[in-house]
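Below: the structure, in structure tokens.
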Amino acid sequence: MADSTRSPGAAIDLDRSAHEHAAALRAGEYSARALAEATLARVEAQEPDLNAYIRVTPDEALTQADAADERLRAGDLAPLTGIPVGLKDVLSTQGVETTAGSRILEGFTPIIDCTVVARLREQGAVFVGKTNLDEFAMGSSTEHSGYGATSNPWDLTRVPGGSSGGSAATVAARGVPIALGTDTGGSIRQPAALTGIVGLKPTYGRVSRFGVVAFASSLEQVGPFARDARDAATLLEAIAGHDPNDATTAPEPVPDYTERFDRGLEGLRVGVPGEGLVAGLEDGVREAFEQAVALFEREGAIVDRSVALPSLEVALSAYYIIAPAEASANLARYDGVKYGYRFRGGEGMWDEMERTRGNGFGDEVKRRIMIGAYALSAGYYDAYYRKAQQVRTLVRAEFETALADNDLLLTPTTPTVAFPLGAKLDDPLAMYLNDLLTIPVNISGNPAVSIPGGFSEGLPVGIQLIARPFEESTLLGAAHACEALTDWRAQRPPLAEIGTPS
């Protein structure tokens with residue numbers, strides 16, 4: 001049972017960050033159960049408009065909250081004990097249906113947690129639900145979900161970005177203070193930018209992918225969404241580190257990701273890529289980006305505007321060979337035999353498999369499987385896949401050169417603000433261009449973060465910071481310094497008023 005003496009009855013301020021909730025829980029201002037109940041009430045009130053969750057899990061959340069209260073009474077100091085978290089629905093969660101936003105995995109209930117979920121469970125975090133996404137994380141708008149599109153809390157007629165749009169939307173709407181997503185070509189940073197929050201893609205190998213429903217294994221990483229850099233640092237620290245179940249995780253120690261929070265921007269060497277990378281920006285995005293560069297200069301950073309990254313203009317093309325190729329292999333396992341949806345009544349086994357995949361996969365997933373299978377086929381492997389991998393090597397080398405002389409690279413996160421729902425569904429190439437500025441970082445494996453960078457036409461603009469591998473502390477330190485100098489992260493979307501405790 002929850003300890004009622006820890007719930008004085010006052011309304012809980014859900015605008016608080018995770019670290020502010022953690023301090024309040026330890027001070028006895030309210031209980032973890034009271035926080036979970038308030039969070040669930042807001043999430044459920046927002047869902048008819050937002051559709052940020054494929055499923056909300058109130059029973060599990062309240063059970064975990066009661067256990068967190070027991071831990072708090074025992075003096076548990078884990079920073080995420082009792083903190084509500086949203087989990088992207090590619091993260092296998094024991095006993096909870098996990099669909100990757102696809103009807104082909106309908107009914108699939110994992111028997112184990114993926115590593116990142118297990119690590120949060122060990123900390124005593126409270127799982128509010130599984131957030132919506134583009135099917136199998138393939139998309140830039142969360143319109144390709146098998147469970148309906150998610151809306152942007154700043155304007156319900158617009159997209160929240162993708163593929164982790166559900167996680168971004170619920171954090172931005174003050175549903176949960178933190179959430180996890182995955183980033184294969186910008187799927188954390190792009191929705192963070194379009195919803196006005198912090199989204200971090202860690203270095204490839206920094207966070208385990210064991211138990212994560214796979215899209216493109218050499219590109220994707222699990223990472224945090226938060227409303228400030230401190231919460232992003234705390235969440236990253238909880239999930240990072242070597243995992244013997246994932247051979248791609250690096251045996252690097254996990255640092256205190258707040259270690260650079262007191263250094264400010266003075267003396268930081270910041271590279272700004274040339275005009276080629278930032279061409280084609282909306283005027284409002286360009287203006288916000290220039291203001292961000294001016295902020296760094298004003299605060300004493302050493303800004304170099306002559307950084308050259310010539311291969312980045314072909315990185316998008318390389319990505320859309322590599323990622324579909326890996327997807328075509330990873331998604332071959334969904335045949336209706338082992339788990340998930342299965343078409344029955346066909347003319348034999350092979351017909352049933354074909355109809356299972358035809359009915360279970362959405363159009364975007366089918367499109368990428370076909371592109372990938374074509375690129376890997378005899379006669380085309382050298383012409384496409386091999387060349388794409390050669391471009392990948394060039395992109396990685398150019399980042400290494402640029403970051404040899406700079407601590408960070410600074411770019412816009414997206415070329416536009418959030419676009420209307422449905423505006424690009426019939427134009428896949430236009431949709432793919434939304435990730436133009438984020439994809440190169442997945443190609444290279446570097447860490448990057450999107451932070452709030454102002455507004456254009458009343459919609460959030462994101463600024464992207466890129467660092468050397470395993471230097472997430474530098475990213476988060478700079479993000480924290482920017483937060484202290486602006487009030488952008490404090491701006492609240494209209495939907496945040498729905499479900500406010502009284």
Side-chain angles (χ1 to χ4, degrees), residues 17-20 22-23 79 177-178 188-189 192-193 196-203 206-207 223-241 250 252-273 288-307 399-413 441 444 446-454 462-490:
S17 62
H19 62 269
E20 290 170 336
I178 53 176
I188 290 175
R189 289 159 291 150
I197 60 174
V198 176
L200 174 67
K201 183 204 93 70
T203 307
R206 175 75 286 184
V207 179
F225 287 100
R227 294 196 294 270
D228 65 23
R230 187 173 297 278
D231 281 357
T234 300
L235 186 49
L236 177 61
E237 193 168 332
I239 63 173
E252 295 280 336
V254 178
D256 174 2
Y257 287 115
T258 66
E259 62 185 3
R260 294 177 179 266
F261 274 26
D262 60 350
R263 298 192 184 185
L265 301 177
E266 186 172 1
L268 201 65
R269 298 172 300 165
V270 179
V272 178
F289 176 62
E290 290 300 332
Q291 289 176 353
V293 175
L295 174 67
F296 275 80
E297 290 176 325
R298 186 168 65 248
E299 294 300 314
I302 303 165
V303 176
D304 176 8
R305 290 178 174 267
S306 63
V307 173
F399 271 116
E400 288 177 359
T401 299
L403 287 164
D405 299 322
N406 293 289
D407 300 304
L408 296 173
L409 301 180
L410 182 65
T411 77
T413 309
V441 181
S444 69
N446 290 63
V449 65
S450 180
I451 61 174
I463 303 300
Q464 179 175 226
L465 306 175
I466 306 166
R468 303 181 193 100
F470 301 102
E471 291 197 8
E472 286 86 355
S473 296
T474 303
L475 289 177
L476 291 163
H480 179 72
C482 290
E483 289 170 359
L485 297 165
T486 67
D487 68 349
W488 295 320
R489 73 179 184 88

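Atoms considered below: every heavy atom in the structure, side chains included; atoms not considered: hydrogens, waters and symmetry mates. Throughout, residue positions are numbered sequentially from 1 according to the sequence presented.
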Kindly compute the distance separating [atom1] ([X]) from [atom2] ([Y]), expressed to the nearest 0.5 Å.
X      : Y      : atom1 : atom2 : result
Arg260 : Ser473 : CZ    : OG    : 6.5 Å
Phe296 : Ile463 : CZ    : CD1   : 9.0 Å
Ile451 : Ile197 : CD1   : CD1   : 13.0 Å
Leu265 : Leu295 : CG    : CG    : 6.5 Å
Ile466 : Arg189 : CD1   : CZ    : 7.5 Å
Glu297 : Glu290 : CD    : CD    : 9.0 Å

pair [X]-[Y]: side-chain heavy atoms closer than 4.5 Å:
X      : Y      : result
Leu236 : Pro202 : yes
Thr258 : Arg230 : yes
Leu410 : Val303 : no
His480 : Asp262 : no
Phe399 : Val441 : yes
Phe261 : Leu476 : yes
His19  : Pro79  : no
Leu403 : Glu471 : no

Closer than 3.5 angstrom, by distance alone: can the side chain of [X] be matched with the main-chain N or O of [Y] as a donor-acceptor pair?
X      : Y      : result
Arg263 : Ala478 : no
Asp231 : Ala18  : yes
Glu472 : Thr203 : yes
Glu252 : Phe470 : no
Ser17  : Glu20  : yes

CD/Glu266: more than 12 non-hydrogen atoms of other groups inside 6.0 Å: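 For Glu266, atom CD is not crowded (no more than 12 foreign heavy atoms under 6.0 Å).
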Minimum heavy-atom separation for [X] to [Y], with atom names?
X      : Y      : answer
Pro224 : Ala232 : CG-O, 3.7 Å
Ala240 : Tyr257 : CB-OH, 4.0 Å
Arg269 : Asp405 : NH1-O, 3.4 Å
Ala288 : Gly453 : CB-O, 3.4 Å
Gly267 : Ile302 : O-CD1, 4.1 Å

Sequence-distant partners of Asp304, side chain to side chain donor-acceptor pair (under 3.5 Å), two or more places apart: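 Side chain to side chain donor-acceptor pair (under 3.5 Å) list for Asp304, sorted by chain: Ser306.
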Leu408, Leu475, Asp407, Leu409 screened by side-chain contact (heavy atoms from CB on, under 4.5 Å) with Arg468, the one that passes: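 One option only clears the test, and that one is Asp407.
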Steps toward side-chain contact (heavy atoms from CB on, under 4.5 Å) verdict (Ile188, Leu200): CA-CA 7 Å; Ile188 290 175; Leu200 174 67; 5.6 Å; no
